[in-house]
Structures are given as C-alpha cells and as structure tokens.
Number of protein chains: 2
Amino acid sequence: MEADLYARDCGSRQVLDRIGDRWSVLVVLTLASGTKRYGELAQRIEGVSQKMLTQTLRGLERDGLVTRAAHATVPPRVDYALTALGRSLLDLLSGLESWATTHLGEVEAARARYDTR
Amino acid sequence: MEADLYARDCGSRQVLDRIGDRWSVLVVLTLASGTKRYGELAQRIEGVSQKMLTQTLRGLERDGLVTRAAHATVPPRVDYALTALGRSLLDLLSGLESWATTHLGEVEAARARYDTR
DNA sequence: CTGTATCCGTAGAGATACTG
DNA sequence: CAGTATCTCTACGGATACAG
C-alpha cells in the first residue's frame, strides 16, 4: 500500500493533522528539553486550557509520540516525555519553530501590504 | 522585540497556525513542482472543497507565500505559484511529508496498541 | 496536583446556488 | 473556469465545577 498524502483517506493525512495541531507542536517542543510534569507544561505553554492540554497529551500518547508516567504519590505526579518516535520529529519541528521566528517579519509585512490595497 | 513561540500573543504563533493548517501544507507542497491553475490544485488535492481551497489560497497569498496571477481571457485562467518566501518553507514541509509517510506505520501501530488496552 | 464532566458560544467546514 | 454568497450544522475550544 502506498502512502499518498494527497489521497483523501490515507492515514498520512491524519499524521499531518496531528503535526498541524496547534498545541501538539508546542507540547513536543517543550518536551525537547526533557521530561516535564503536567503543571510545568501548563505553565510554559501560555494560553492553553486544561482541557486542551490534557486532550493534546492524550493524542500524542495515543500516537506513540509521548509517554505518560503517573506516580501514585500524594500529591499525585505525572511525568511526560518524548518517545524515540517523538524525538525523531523534533528536528523537523524545531526547524518549523525557527522558520516561524525568523520569517515572522516578512509575513507580517506581506499581510500589511495585502490588507492596505 | 523577541519572538517567543510560547507567548500567547506573539505573531510567531500565527505563523505556526498557517503552517499547521491542513490545506495550506498540501497546497504549498502541490505548488512545489511549479505554477498550477486553480483547477489543477482542486483536482490534485483530494477532498478539498471549493470554499476551503479559495480560502486557503487567499490566506497564503496574504502571508506572502503564494502569488496569484489572473489572466483576463475567456475562459478565465488563474495561476498560482510559490514566492521566494514560500519556497523557503518547502524543505521543511517536504520533510514533514516524508516523516508522515515513513512513520505512518509506527503511528498506526501505537494507536492500535493504545486503543486495545 | 492532575485530572474528568458538563455546558455553551462561536468559528469553521460542507453543500448548494449563482455570477463574471 | 474560477470564483462569490448564503445557509446550515457540528465540533472545537473556553469556562466552570467537581473528583481522586
């Protein structure tokens, strides 16, 4: 079976959807520097709601990109970390991150030009 | 001014949003092989509605990633192409494409594992 | 601390019909 | 051919409250 990104029902589209997910990228990038607790992620990623963070983490865990380790302590503690698969995605995502920051100015300029004509 | 991807109101988040957009990625990748007409894009990208394709193209044009050239012929003809900025994104996106297709199997396996426990 | 459950408003996506 | 306009619908995301 061939993986055709352009085909409607190809699973590679779903993979792209996860990458494209707004919070997934930020979560994976945050985990680049090592294991993080739930609260650390929530604090670092500004603007993410509890619901969305949990939902995103579940999705990443389901896709095998992130591991979840719950410790039965009081208070509870849950550690999230990247899997090997998750780390394999890291280079690409940090490339995206640096593209976004370095070309931000050009994009904003283009928008200003577009909006004023 | 610093570009912090994790800051709520930083423009780099909006840039990431565009990259993350489902159809934008597919459109840019389709334009990788050169100028395409509206209809060619619609045909190549399976499942995209007319509305979404137009909307995506407008967004990409606004952000300076794509040019739009309308010819006043009968029937009309509109050519879309990548700008230099758009091409600068291409390597990253094709990296994403190949990651998606090569790791599709692992992701699907992880999902199956997650869903059956 | 790390979640789950519920309600609710709005943006987004599809379908359809129409136009230069 | 390449759109625009309008309608409908749902499903995403935020807020809030509660629980283990």
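Chain naming here is simple, since letters A, B, ... match the order of the sequence lines and numbering starts at 1 in each.
- Here the side chain of B:S94 pairs no donor or acceptor atom with the backbone of B:E97 at under 3.5 angstrom.
- With rounding to the nearest 0.5 angstrom, the OG atom of A:S24 is 9.5 Å from the CD atom of A:Q55.
- Rounded to 10 degrees, the angle separating the terminal helix axes of the helix from C:dC1-D:dG20 to C:dG20-D:dC1, each built from five base pairs, is 50°.
- Residues meeting the ring pair (Phe, Tyr, Trp, His ring centres under 6.0 Å) test with B:W23, sequence neighbours left out: none.
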- What does nucleotides 4-20 of chain C look like as a protein-contact string, B for base, S for sugar-phosphate only, - for none, at under 4.0 angstrom between heavy atoms? B--------BBB-B--B
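- Between A:K36 and A:D79 there is no salt bridge, since no side-chain N of the basic residue sits under 4.0 Å from a carboxylate O of the acidic one.
- Side chain of A:R13 to backbone of A:L5: a donor-acceptor contact under 3.5 angstrom is found.
- Of the side-chain N and O atoms in A:R37, none sit less than 4.0 angstrom from OP1 or OP2 of C:dC1.
- The main-chain N or O of A:R37 is found under 3.5 Å from a side-chain atom of A:E40 such that the two form a donor-acceptor pair.
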Using distance only, find each side-chain donor-acceptor pair of residues 41-50 of chain A under 3.5 Å and give its atom names and separation, not counting sequence neighbours.
from  : atom 1 : to    : atom 2 : distance (Å)
A:S49 : OG     : A:M52 : N      : 3.2

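- Here A:R68 pairs with A:R58, A:E61, A:A70, A:V78, A:Y80 under the side-chain contact (heavy atoms from CB on, under 4.5 Å) rule; sequence neighbours left out.
- Protein atom CD of A:E40 is 12 Å distant from nucleotide atom P of C:dC1, rounded to whole Å.
- Between the side chain of B:R87 and the main chain of B:L82, a donor-acceptor pair closer than 3.5 Å is present.
- For the pair B:L85/B:S88, a side-chain contact is recorded, criterion being any heavy-atom separation below 4.5 Å from C-beta on.
- Nucleotides of DNA chain D lying under 4.0 Å from heavy atoms of chain B occupy a range whose first and last members, 5' to 3', are D:dC1 to D:dT4.
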